[in-house]
S.K.: 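There's a structure below that I have some questions on.
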Amino acid sequence: MPVPLFDTQSPLRPLRAEILAAIERVVDGGHFVLGPEVDAFERELAGWLGAPHVAGVANGTEAITIALRALGVGPGDEVVVPSFTFYASAEAIPPTGATPVFCDVDPETLCVTADTVKAALGPRTKAVVAVHLFGNVAPVEEIEALGVPVVEDAAQAAGALAADGRRAGALGTVATFSFYPSKNLGALGDGGAVVARDAELDDRVRTLRFHGSRDKVTYEEVGYNSRLDEVQAAALRVLLPHVDAWCDHRRKVAGWYAEEGLAGPAAAPGTTPAWHLHVVRHERPDAVANALAEAGVQARGYYRTPVHAQRAMLPFPPRVPLRATDEAARTHLALPMSASLTREQVSEVARAYGLAA
Ligand SMILES: Cc1ncc(COP(=O)(O)O)c(C=O)c1O
């Protein structure tokens, strides 16, 4: 049987009737953008995160841009961001007018650290985008101790816990989520959220997501049309209570891979990651992926070209060496991971990997 890289459908199957009932509620209610479902989801996500404020937005990329703007980031400022991440973490910076400054990641956790961020700090640094990559937890407090606010990019980390038990997405000054369908908490389309530590920041986010307006008649600053719709919010309300169980399963899967000699990145000490992808390293990852494909196992290098080397980012050349980034980009390979993967499937992947490698 083929083993897919991820499986967005199986976890939804038992919830089908509930999801359809939620959509029906929206259709019957006649409210389609920023209505009662979004209000309720924002409250429920805030409660789950243990964070004071959540605002729904259109996607995880705009969530980062809006979070940075809410922090006051603008032209002339610099924002430190890892290069080993999904492109959007950095793409979200230039629309604020600021310059992305690329930093390295830890070779074991594949997340930024206070040291890798510190090496890229300068007098114009206004914020850091700390990515909880692959569901691992970046050391947000240590980075904020450098004296610069952190935007946690928690797009891949719903369900992850820091060493003190607080949730990823509730650790920094502001955090962002993506609800792209393949995420740990995925909607039925695009969606995102901005989590704010204080009411003033939350108010800025809410204004920016609606064209820079509080009252829909006066426009204080140039903002965005970046709103979460009611169908997505209604579906997300059904899914949110299941995220922890799904992430428990993801951790179990990562443990099974480790038993098979295919361990993923190291968890930062004491943390409980919510493995979004299961990434191993190999000197010839694409050859392995091709051989796995022949055996019916999907595998993929997600960030083979690191962000700083993408054509669109060439105007922002790195100022510090990115050795761990270059190594991880060259060698990483994502193996199947989902909330429904079985022990047998992991054995099958490991068997095929053993033959391929
Ligand atoms: C780390 C990271 N940041 C940002 C994003 C952007 O999210 P979206 O696709 O919802 O814009 C994603 C996912 O796509 C991501 O994985």
Side-chain angles (χ1 to χ4, degrees), residues 5-6 8 41 45 54-69 79-96 100 102-103 105 109-112 127-138 140 150-160 168-169 171-172 174-195 205 208-209 224-229 232-233 235-236 239 247 250 265 273-279 300-308 310 312-313 325 328-329 332 334 337-338:
L5 192 52
F6 54 87
T8 50
F41 173 64
L45 182 59
V54 170
V57 295
N59 56 64
T61 308
E62 290 179 353
I64 300 170
T65 303
I66 290 172
L68 290 168
R69 288 276 311 274
V79 176
V80 174
V81 64
S83 172
F84 190 63
T85 177
F86 179 54
Y87 172 72
S89 306
E91 183 196 27
I93 298 167
T96 67
F102 292 103
C103 72
V105 289
T109 66
L110 302 182
C111 287
V112 294
V128 175
V129 175
V131 184
H132 297 304
L133 196 69
F134 303 140
N136 212 352
V137 185
V140 173
V150 163
V151 176
E152 288 176 71
D153 179 351
Q156 301 187 1
L171 307 173
V174 58
T176 61
F177 282 94
S178 161
F179 304 124
Y180 184 76
S182 63
K183 300 294 191 240
N184 295 355
L185 172 58
L188 309 178
D190 278 312
V194 181
V195 185
V205 169
L208 285 165
R209 80 174 169 181
Y224 307 86
N225 175 4
S226 189
R227 305 174 300 214
L228 186 62
D229 71 68
Q232 301 311 331
L236 286 163
L239 305 181
C247 290
R250 288 172 178 278
W275 298 116
H276 172 58
L277 298 176
H278 186 77
V279 165
R300 196 185 137 191
Y302 272 78
Y303 313 132
R304 194 66 73 223
T305 303
V307 180
H308 73 274
Q310 298 287 350
M313 291 292 142
T325 296
H332 79 286
M337 166 57 85
S338 74

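Small disclaimer: the values here were computed from a predicted structure and weren't measured. One-based numbering, in listed order, for ligands and for the atoms of each.
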S.K.: Under a 4.0 Å heavy-atom cut-off, what residues line ligand 1?
M.R.: Asn59, Gly60, Thr61, Thr85, Phe86, Ala88, Ser89, Val131, Asp153, Ala155, Gln156, Ser178, Lys183
S.K.: Using the side chain to side chain donor-acceptor pair (under 3.5 Å) criterion, which residues pair with Thr325? Sequence neighbours excluded.
M.R.: Asp104
S.K.: What residues form a side chain to side chain donor-acceptor pair (under 3.5 Å) with Tyr180, not counting sequence neighbours?
M.R.: none
S.K.: Can you list everything that forms a ring-ring contact (aromatic ring centres under 6.0 Å, His included) with Phe41? Sequence neighbours excluded, please.
M.R.: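 For Phe41, the residues satisfying ring-ring contact (aromatic ring centres under 6.0 Å, His included) (neighbours in sequence not counted) are Phe179.
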S.K.: Nearest 0.5 angstrom please: Arg250 CZ to Met337 CE, how far?
M.R.: 6.5 Å
S.K.: Check whether any side-chain heavy atom of Ile66 sits under 4.5 Å from a side-chain heavy atom of Val57, and report yes or no.
M.R.: yes
S.K.: In terms of the angle between their ring planes, are Tyr303 and Phe86 parallel, tilted or perpendicular, with boundaries placed at 30° and 60°?
M.R.: tilted
